Number of protein chains: 2
Amino acid sequence: MIPDISPAAVPTEDETALRRTPSQKRSRERVEHILACATALIQEKGSDAMRMSEVAEKAGISIGSLYQYFPDKAAIVQTLAERYNAVCNECIAAELAKVTSLAELRDAFCVLFDIYYDMFLAEPVMRDIWSAMQADKALREIDLQQSRAGGKLLADVWARLVPDTPREEIDSAAFLIMHLGDCTMRLAVSVDRPEGDQIVEAYKRMIIRDFVADGPGGGAGLIDISGVRS
Amino acid sequence: MIPDISPAAVPTEDETALRRTPSQKRSRERVEHILACATALIQEKGSDAMRMSEVAEKAGISIGSLYQYFPDKAAIVQTLAERYNAVCNECIAAELAKVTSLAELRDAFCVLFDIYYDMFLAEPVMRDIWSAMQADKALREIDLQQSRAGGKLLADVWARLVPDTPREEIDSAAFLIMHLGDCTMRLAVSVDRPEGDQIVEAYKRMIIRDFVADGPGGGAGLIDISGVRS
DNA sequence: TTGCAAATGTGAGAGATGCTCATGTTTGTT
DNA sequence: AACAAACATGAGCATCTCTCACATTTGCAA
């Protein structure tokens with residue numbers, strides 16, 4: 001049920017963080033191998049404690065070869081992050097593709113966040129990488145872009161279901177929902193299991209209210225509710 | 001309106017991160033001075049780029065004296081973070097103290113998040129410190145504790161207003177609300193101004209629905225809503 | 001097959017930074 | 001005045017990221 005998220009499962013797309021695009025087969029495999037070794041080391045001791053010399057040693061290559069492809073340590077983290085993000089976006093797009101009503105949107109979100117939660121639980125490396133990204137200004141930008149990308153997917157669907165709402169408001173609400181979804185998942189996996197489950201459920205309930213078609217402010221609760229002071 | 005949040009304004013409380021508790025007046029002042037200089041450097045270039053040698057130089061002391069009081073670089077960040085957190089908790093407590101109804105709770109939250117947002121806008125150092133904390137496992141724990149502390153303040157008030165709700169559910173919902181409030185603020189100050197304002201407003205609307213006394217699921221929306229699949 | 005340029009591989013070491021420790025100085029107390 | 005405890009110092013150790021001059025391999029054309 002959880003999508004395969006291992007580095008090997010997500011082949012080279014953009015890889016904007018690479019220093020040189022490997023053209024020969026040997027070096028293309030090498031890049032994959034480096035990423036796999038780095039992932040293992042991050043899982044073992046965390047990306048902060050992971051040393052570039054260790055990555056090279058584990059991959060059976062020299063430190064110089066490592067830097068041939070990755071301009072710095074952050075580039076490894078960035079590449080892994082982009083691959084994880086791509087997987088997440090595919091999940092989101094797949095789940096939203098079926099939606100044709102607010103009720104379905106509600107259901108899709110429940111499923112989506114369950115998958116998301118399971119992915120985070122199964123892949124501690126994802127958490128570590130996110131932490132590492134927060135410390136670096138350039139990498140933080142990537143995290144924002146990811147929330148924006150997910151938000152756009154949601155906003156496109158949502159806008160069709162509530163056509164009379166200003167697109168700008170939908171956009172920022174969708175952006176916020178996706179970003180806080182991320183935050184919730186990371187919070188949930190940071191605490192012990194039963195509490196983490198409760199937290200995910202609480203977030204789902206919170207968001208779902210904004211997709212409910214009936215009731216006051218129906219379908220646009222997050223976007224426009226009367227009686228709220230600005 | 002924004003509380004004074006400069007290091008000097010929040011005198012020594014616990015300072016659990018200090019290596020040695022300064023007993024003489026000279027060294028107590030020195031610790032304050034170190035923190036002030038560190039704050040200035042973080043504001044100038046970020047905590048990651050801040051060098052321990054720079055802190056010592058700016059404070060006019062030797063590198064050895066610096067390490068006399070702070071066991072490592074993270075301890076400086078931690079001390080500043082604890083002080084900021086203390087200020088935030090005082091704000092929360094002050095705002096919640098007046099609350100005697102769900103409607104007042106709703107208003108208190110609007111005010112609280114406005115203050116919070118202004119604080120983040122006025123103090124870029126707070127953002128930087130939070131980023132630095134995320135990269136370090138021990139410091140991340142402090143961030144969680146902060147959300148828990150704020151959540152407890154909220155839960156105590158909330159539990160009185162909806163007495164028939166299981167305390168456990170209130171706790172995790174309150175924890176989540178405070179934590180996501182933090183996340184929202186940091187998101188809001190990471191984007192350009194008008195969008196940041198919209199994001200804060202959207203979060204307030206989202207949370208407020210759960211404090212609204214009338215309407216379906218009134219007063220406990222986040223905690224228990226019928227028809228939600230688990 | 002041979003020759004050659006481009007691609008790839010190598011690792012010693014330069015440069016930078018967090019932090020220690022042996023030693024010197026100041027403070028408060030008797 | 002004498003002494004212990006607190007405080008201050010900075011050269012230097014340990015560690016880590018990343019570079020660069022040089023060696024090797026690959027793909028391809030003659």
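What you are looking at is a predicted structure, and each value in this text was computed from that prediction instead of being measured. Heavy-atom basis, side chains included; hydrogens, waters and symmetry copies ignored. Naming: A, B, ... by sequence-line order, numbering from 1 per chain.
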Within the structure, does a side-chain N or O atom of [X] lie under 4.0 Å from either OP1 or OP2 of [N]?
X        : N       : answer
Ser65(A) : dT10(C) : yes
Arg30(B) : dA6(D)  : no
Ser62(A) : dG9(C)  : no

Using atom [atom1] of [X] as one end and atom [atom2] of [N] as the other, report the distance to the nearest whole Å.
X        : N       : atom1 : atom2 : answer
Glu29(A) : dT8(C)  : CD    : P     : 13 Å
Met50(A) : dT15(D) : CE    : C1'   : 16 Å
Ile76(B) : dG18(C) : CD1   : C1'   : 11 Å
Glu57(A) : dG9(C)  : CD    : C1'   : 17 Å
Asp72(A) : dC18(D) : CG    : P     : 5 Å
Lys45(B) : dT17(C) : NZ    : P     : 9 Å
Arg51(B) : dA16(C) : CZ    : C1'   : 8 Å
Lys73(B) : dT17(C) : NZ    : P     : 9 Å

Notebook entry, point to check: Could you walk me through whether Phe109(A) and Phe113(A) pass the ring-ring contact (aromatic ring centres under 6.0 Å, His included) check?
Noted result: CA-CA 6 Å; Phe109(A) 253 81; Phe113(A) 281 123; 5.3 Å; yes
Item checked: Arg148(A)/Asp171(A) ion pair, N-O < 4.0 Å -> no
Check: Charged N to carboxylate O below 4.0 Å: is that the case for Lys204(A) and Asp114(A)?
Finding: yes
Notebook entry, point to check: What class does the angle between the rings of Phe120(B) and Tyr116(B) fall in, given that below 30° is parallel, 30 to 60° is tilted and above 60° is perpendicular?
Noted result: perpendicular
Next item on the list: Summarise how protein sits on nucleotides 19-24 of chain D as a single string, 5' to 3': B when a protein heavy atom is under 4.0 Å from the base, S for sugar-phosphate-only contact, - for no contact.
Entry: B-----
Margin query: With a sphere of 6.0 Å drawn around CD of Glu195(B), does it hold more than 12 non-hydrogen atoms of other residues, nucleotides or ligands?
Written below: yes
